[in-house]
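Step one of this worksheet: look at the structure below.
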Amino acid sequence: MLESANPVPMMTINGCVIVAIRDDLDDQEIVSLQDQLVEEVAKRAAHGVVIDISALEIVDTFAGRMLAAMAQMARVMNARTIIVGMRPAVAMTLVELGMTLDGVETALNADRAVNAIVSGRSNTP
Amino acid sequence: MTLKTPSDVAFARQAAARAMGAIGASAIKTTKFVTAVSEIARNAVIYGRGGVISFTQTGPSGRQSVIAVCTDRGPGIEDISAAIADGYSTGKSLGLGLGGAKRLVDRFEITSSSRQGTKVTLECGPR
């Protein structure tokens, strides 16, 4: 097992965990990212998580399910998750796949996501 | 190329993206095709005890398409039409992969038998 052999860099600013996912993580690496993220949320007592997926050329059903799971786990730990930077082609593909990512909040960029989390306002109706 | 581990699925995605690049495919078609390949390749690894995927280009120049053929050595799919329907899974997944892959490409063919495993063909044009 390549446990944490290739950790995804994450930082916590102002109680917000910020992760930029690099392209083409395999399924195992996505699962270890999930573990790493949940640990970071607990360790830093974070109240928000921003996941930047702008480097991702595709989000398939596995990656989509993992993103939704990360958001749910963070929610259970009282942190709000916002996914940012989704490419238009990825959004179209997800909808065609039937992955609606229910319960996952999105924002156009990390700036807006962090602002929304810090101010505690919802950016979606 | 061989499909045995999760990193092989990632390699298959890269090969799919290169093949679409070679025919000058649009970003949206490339994303759709690579996503479909990812679903099919993962199925071969998880349910098909591993397999093989190949990519070829076909058609007249300027209007070429990419064909991916993925075969596995698994137990086959008993009920293909059920497997393609959304929400059907014998594993822990969402059951969107096979039907989703079918919607994402221009041509989708699947044959399966308990003796020869499962063969999936995906074809996608540039636009």
If two hydrophobic side chains count as joined below 4.5 Å and joins carry through other members, does B/M20 share a cluster with A/M92? no
In terms of hydrophobic clustering (I, L, V, M, F, W, Y; side-chain heavy atoms under 4.5 Å; direct or indirect links), are B/F11 and A/F62 co-clustered? no
Could you state the interatomic distance from CZ (B/F33) to OG1 (A/T93), rounded to the nearest 0.5 Å? 13.0 Å
Could you please spell out the steps behind the side chain to side chain contact (heavy atoms under 4.5 Å, CB included) verdict for A/D26 and B/T5? CA-CA 9 Å; A/D26 70 34; B/T5 66; over 6 Å; no
Taking a hydrophobic cluster as the set of Ile, Leu, Val, Met, Phe, Trp and Tyr residues connected by side-chain heavy atoms closer than 4.5 Å, whether directly or through intermediates, do A/I21 and A/L37 fall within one such cluster? yes
Are there residues of residues 48-59 of chain A whose heavy atoms fall under 4.5 Å of chain B's heavy atoms? If so, which? A/E57, A/I58, A/V59
Any idea which heavy atoms bring B/R103 and A/E96 closest together, and the distance? NE-O, 2.6 Å
Take A/L97 and B/L104, measure what side chain to side chain contact (heavy atoms under 4.5 Å, CB included) needs, and give me the verdict at the end. CA-CA 7 Å; A/L97 272 177; B/L104 291 173; 3.7 Å; yes
Grouping I, L, V, M, F, W and Y whenever their side-chain heavy atoms are under 4.5 Å apart, do A/M66 and A/M10 come out in a common cluster? yes
Tell me whether B/M1 at atom CE has more than 12 heavy atoms from other residues, nucleotides or ligands lying less than 6.0 Å away. yes
Under 4.5 Å from any heavy atom of chain A, what part of B/R13 do you find: side chain, backbone, both or neither? side chain
For the CD atom of B/Q14 and the CG atom of A/D23, what is their distance to the nearest 0.5 Å? 8.0 Å
Shortest non-hydrogen contact from B/A27 toward A/A89: O-CB, 4.1 Å
Kindly work out whether a path of hydrophobic side-chain contacts (I/L/V/M/F/W/Y, heavy atoms less than 4.5 Å apart) joins B/L94 to A/V95. no
Where along residues 34-58 of chain B does a heavy atom come under 4.5 Å of chain A, listed by residue number? B/V34, B/T35, B/S38, B/E39, B/R42
Could you state the interatomic distance from OG1 (B/T31) to CG (A/D60), rounded to the nearest 0.5 Å? 12.0 Å
